[in-house]
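Down below is the structure, laid out as structure tokens.
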Amino acid sequence: MRLAFLGPPGSGKGTQARELSRKRGVAHISTGDLLREEINTGSGLGRRAREFVEAGVLVPDEIVLHILSVGLKKADSSGGFVLDGFPRTVPQARALDDLLSASPLEVVVCFRISEEALLERLAGRRTCSNCGANFHMRFAPPKRVATCDQCGGRLTRRDDDQEAAIQRRLEVYREAAEPLTGYYRGRGVLREVNAAAPPSEVGKSVLRAIGEADLS
Ligand code: AMP
């Protein structure tokens, strides 16, 4: 299984990628998570990436491609992978084609949702600073205030989920989205799902889109 999930921030592609990875044993490769890990460890790469991530703009391709190729190598032993947040532009899609060469992406799933719904989702989103689990103050609140249900870690609002950065990230997405979906539509691998539906429904649409049976 070689998949990529495209969609604006807050469209739920990360949640669905994590779920698919848990159920089917495929590697979940989120370039956003990998960049945040790099930033937290304080590596040279992380220090270079930090200002871009915090401003909500794209990190230079050279940095993202490096962490992506490390992620893909680690995923070699799994039964495939799902890319989450990569590619974000047509040049990144071309670079990915080069990296995957003989084994290209089989399906690219695009998560469609209105900007209004996204703004509401992103503003309420809280992330566990320890395990990365996502919560939502309105739609999926934690049992205890600011505490992760899964590991007891502290829930925080990501710096790039602050209002100004959210607007910027949506703008960045808008600019690149159409050419990118056009690129994959032209190859006949693009499938679209309605990401405004409840997560369990979106999960079913994703399975249909990738031609997998619902085993749950
Ligand atoms: P995400 O968690 O996918 O929303 O990503 C958070 C941030 O990481 C983005 O706003 C970008 O600054 C950076 N980032 C993640 N993936 C990429 C990518 N494919 N290309 C450039 N920057 C990225």
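We count ligands from 1, going down the list as the structure has it; atoms in each ligand are counted the same way.
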What are the atom names and distances for all N or O pairs under 3.5 Å between ligand 1 and the protein?
{"from": "ligand 1", "atom 1": "2 (O)", "to": "R36", "atom 2": "NH1", "distance (Å)": "3.1"}
{"from": "ligand 1", "atom 1": "2 (O)", "to": "R36", "atom 2": "NH2", "distance (Å)": "3.0"}
{"from": "ligand 1", "atom 1": "2 (O)", "to": "R158", "atom 2": "NH2", "distance (Å)": "3.3"}
{"from": "ligand 1", "atom 1": "3 (O)", "to": "R88", "atom 2": "NH1", "distance (Å)": "3.3"}
{"from": "ligand 1", "atom 1": "3 (O)", "to": "R88", "atom 2": "NH2", "distance (Å)": "3.1"}
{"from": "ligand 1", "atom 1": "4 (O)", "to": "R88", "atom 2": "NH2", "distance (Å)": "3.4"}
{"from": "ligand 1", "atom 1": "4 (O)", "to": "R158", "atom 2": "NH2", "distance (Å)": "3.4"}
{"from": "ligand 1", "atom 1": "4 (O)", "to": "R169", "atom 2": "NH2", "distance (Å)": "3.1"}
{"from": "ligand 1", "atom 1": "5 (O)", "to": "R88", "atom 2": "NH2", "distance (Å)": "3.4"}
{"from": "ligand 1", "atom 1": "12 (O)", "to": "V57", "atom 2": "O", "distance (Å)": "2.6"}
{"from": "ligand 1", "atom 1": "16 (N)", "to": "T31", "atom 2": "OG1", "distance (Å)": "2.8"}
{"from": "ligand 1", "atom 1": "16 (N)", "to": "G85", "atom 2": "O", "distance (Å)": "3.4"}
{"from": "ligand 1", "atom 1": "16 (N)", "to": "R88", "atom 2": "NH1", "distance (Å)": "2.8"}
{"from": "ligand 1", "atom 1": "19 (N)", "to": "G85", "atom 2": "O", "distance (Å)": "3.0"}
{"from": "ligand 1", "atom 1": "19 (N)", "to": "Q92", "atom 2": "OE1", "distance (Å)": "3.1"}
{"from": "ligand 1", "atom 1": "20 (N)", "to": "Q92", "atom 2": "NE2", "distance (Å)": "2.9"}
{"from": "ligand 1", "atom 1": "22 (N)", "to": "V59", "atom 2": "N", "distance (Å)": "3.0"}

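Looking at residues two or more places apart in sequence or on another chain, you find a ring-ring contact (aromatic ring centres under 6.0 Å, His included) between F139 and H136. Applying the ring-ring contact (aromatic ring centres under 6.0 Å, His included) rule to Y184 yields no partners; only residues at least two apart in sequence or on another chain are considered.
Put simply, the side chain of R154 never gets that close to the backbone of A146: no donor and acceptor are under 3.5 Å apart.
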Name the atoms and distances for all side-chain donor-acceptor pairs under 3.5 Å in residues 174-183, with sequence neighbours left out.
{"from": "R174", "atom 1": "NE", "to": "E115", "atom 2": "OE2", "distance (Å)": "2.6"}
{"from": "R174", "atom 1": "NH2", "to": "E115", "atom 2": "OE1", "distance (Å)": "3.1"}
{"from": "R174", "atom 1": "NH2", "to": "E115", "atom 2": "OE2", "distance (Å)": "3.2"}
{"from": "T181", "atom 1": "OG1", "to": "A177", "atom 2": "O", "distance (Å)": "3.0"}
{"from": "T181", "atom 1": "OG1", "to": "E178", "atom 2": "O", "distance (Å)": "3.1"}
{"from": "Y183", "atom 1": "OH", "to": "D97", "atom 2": "OD2", "distance (Å)": "2.4"}
{"from": "Y183", "atom 1": "OH", "to": "R187", "atom 2": "NH2", "distance (Å)": "3.1"}

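The number of heavy atoms from other shown groups lying within 6.0 Å of CZ (R48) does not exceed 12. Surrounding CZ of R185 are more than 12 heavy atoms belonging to other residues, nucleotides or ligands, all under 6.0 Å away.
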